[in-house]
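The structure appears right after this line, and notes come after that.
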Amino acid sequence: MRQKPFGLLFTILLMLPLAGFAQFPGMGHIVYKTMPSSILGQEREYAIYLPKNYDTHTAKRYPVLYLLHGGGGSHTDWPEQGLLQGVANQLIDSNEACEMIIVCPEAGKNFMNYFNSPEWRYEDYFFQELIPYIDSNYRTISNKQNRAIAGLSMGGGGTVAYAFRHPEMFCAAYPMSGYFSRNESLAWVNFDDPVQGKVHQLVEDNNCVKLVLNSTPAQVDAMKTVRWFIDCGDDDFCYDINIDFVAALREKGVPYELRIRDGGHTWIYWNTALYYALPFVTRAFTN
């Protein structure tokens, strides 16, 4: 059944006051930072949402959500286009989501991809440097039960691949409009361009449907330790591959939740997806 939790006008009216939350004290807030990376050989940017009690309850530790942007995006996308701060504050204040730290990594500059290549080991950076850095520099609860991952489009593909290959790291995975395999029908992509062609080939090399279908019994058992939620719009160009991914989960007997809602590959859709994602990971953290 098609889900329509928010009409466009209601969403716009709701979001306008939330965008100004940073003006008021005692609210969760977003900070833009950098960290060193020896693997990538440069400073890496990230945005981090810290809940309202982070600065005052200095003995308290928090679960963490890693929230990935899409292809061609940056660490500023979720805060600025997804209105992350306002949504998180609203859901936490209404007790629909727990207080959590939300990390938005930057994966768009130099070579857009969440996967390793010989000259750009981003996945190694993510697990060997980014997560340990966040755990060392912020008051996280640094275990599987209190760490989740979510992302949109190409970040949705990263979400699935990361949770599949590192199930010991995450209790929940929430891909939105997941770009799970190379899609030759994308008119705006020049597949003959060496850089764009390589980026999309890496997506295909990490085809999420094939990862599941070709998984071993041990990998299937490990996937079952992660709570899965697939969210995709009925007008999205990624709709078919998301249905194929769900079919693969079903074939392997991996439990999941699925929402096919009205919408396309847009920020209006992903903003409303946060209203599902943050409560979902909260349930995974607390159950």
Side-chain angles (χ1 to χ4, degrees), residues 30-50 62-79 82 84 100-144 146-176 178-180 182 194-208 211 222 226 281:
I30 290 171
V31 183
Y32 296 94
K33 294 283 191 175
T34 63
M35 61 164 286
S37 170
S38 59
I39 291 175
L40 300 179
Q42 59 182 223
E43 289 284 308
R44 298 301 300 173
E45 297 168 291
Y46 65 94
I48 187 164
Y49 169 86
L50 300 173
Y62 299 87
V64 186
L65 170 64
Y66 287 85
L67 187 58
L68 311 184
H69 63 75
S74 79
H75 62 298
T76 67
D77 283 6
W78 277 111
L84 171 62
M100 69 181 78
I101 293 171
I102 304 175
V103 180
C104 303
E106 203 289 322
K109 68 181 182 183
N110 302 107
F111 184 63
M112 170 58 224
N113 218 277
Y114 289 100
F115 309 118
N116 281 344
S117 62
E119 68 278 14
W120 193 249
R121 294 163 47 212
Y122 191 89
E123 188 169 343
D124 288 346
Y125 155 74
F126 192 96
F127 287 95
Q128 296 175 28
E129 294 184 331
L130 176 62
I131 290 179
Y133 181 89
I134 296 298
D135 286 341
S136 296
N137 288 273
Y138 299 91
R139 297 195 313 277
T140 66
I141 307 174
S142 56
N143 58 35
K144 169 187 171 73
N146 290 279
R147 187 184 298 115
I149 189 166
L152 69 90
S153 194
M154 193 173 285
T159 294
V160 171
Y162 284 8
F164 176 85
R165 285 198 282 266
H166 307 271
E168 76 285 356
M169 297 295 289
F170 304 108
C171 64
Y174 193 114
M176 313 169 198
Y179 184 57
F180 294 152
R182 178 177 168 130
V195 174
Q196 292 190 56
K198 187 169 185 177
V199 165
H200 291 271
Q201 185 57 48
L202 278 170
V203 172
E204 184 57 37
D205 292 344
N206 293 271
N207 184 307
C208 294
L211 286 179
V226 179
V281 300

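Predicted, not measured: the structure shown is a model, and the values here were computed from it. For the numbers below, each heavy atom of this structure counts, side chains included, while hydrogens, waters and symmetry mates do not. Residue indices begin at 1 and follow the sequence shown.
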Minimum heavy-atom separation for [X] to [Y], with atom names?
X      : Y      : result
Pro79  : Ala47  : CG-CB, 4.0 Å
Val103 : Pro105 : O-CD, 3.4 Å
Gly156 : Phe180 : O-CE2, 3.6 Å
Leu84  : Cys104 : CD2-SG, 3.8 Å
Gly70  : Ser153 : CA-CB, 4.4 Å
Tyr114 : Gly158 : CB-CA, 4.2 Å

message: Going by the rule ring-ring contact (aromatic ring centres under 6.0 Å, His included), which residues pair with Phe126 if we only count those two or more places apart in sequence or in a different chain?
response: Tyr66, Tyr162

Output the distance between atom [atom1] ([X]) and atom [atom2] ([Y]), rounded to the nearest 0.5 Å.
X      : Y      : atom1 : atom2 : answer
Cys208 : Leu211 : SG    : CG    : 5.5 Å
Phe115 : Glu204 : CZ    : CD    : 10.5 Å
Asn113 : Asp205 : CG    : CG    : 9.5 Å
Ile131 : Tyr125 : CD1   : OH    : 10.0 Å
Met169 : Phe127 : CE    : CZ    : 6.0 Å
Leu152 : Leu67  : CG    : CG    : 7.5 Å

query: Testing Asn137, Ile101, Ile102, Ile30 for side chain to side chain contact (heavy atoms under 4.5 Å, CB included) with Ile48, which one passes?
result: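 Going through Asn137, Ile101, Ile102, Ile30 one by one, the side chain to side chain contact (heavy atoms under 4.5 Å, CB included) with Ile48 is satisfied by Ile101 alone.
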
task: Identify the residue among Leu65, Asp135, Ile134 that makes a side chain to side chain contact (heavy atoms under 4.5 Å, CB included) with Arg147.
output: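 The single option meeting the side chain to side chain contact (heavy atoms under 4.5 Å, CB included) with Arg147 is Asp135.
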
Could you tell me whether the side chain of [X] and the main chain of [Y] form a donor-acceptor pair under 3.5 Å?
X      : Y      : value
His69  : Ala107 : yes
Thr159 : Gly151 : yes
Lys144 : Phe170 : yes
Trp120 : Leu40  : no

Residue from Glu129, Arg44, Gln128, Gln42 passing side chain to side chain donor-acceptor pair (under 3.5 Å) with Ser37: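 Only one option passes, and that is Glu129.
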
- prompt: What pairs with Asn116 under side chain to side chain contact (heavy atoms under 4.5 Å, CB included), at least two apart in sequence or on another chain?
  reply: Arg121, Glu123, Asp124

message: Apply side chain to side chain contact (heavy atoms under 4.5 Å, CB included) to residues His166 and Ile149 and explain how you reach the verdict.
response: CA-CA 11 Å; His166 307 271; Ile149 189 166; over 6 Å; no

Step-by-step side chain to side chain contact (heavy atoms under 4.5 Å, CB included) determination, Tyr32 to Glu106: CA-CA 11 Å; Tyr32 296 94; Glu106 203 289 322; over 6 Å; no

- request: Report yes or no: do Thr140 and Ser142 form a side-chain donor-acceptor pair below 3.5 Å?
  value: no

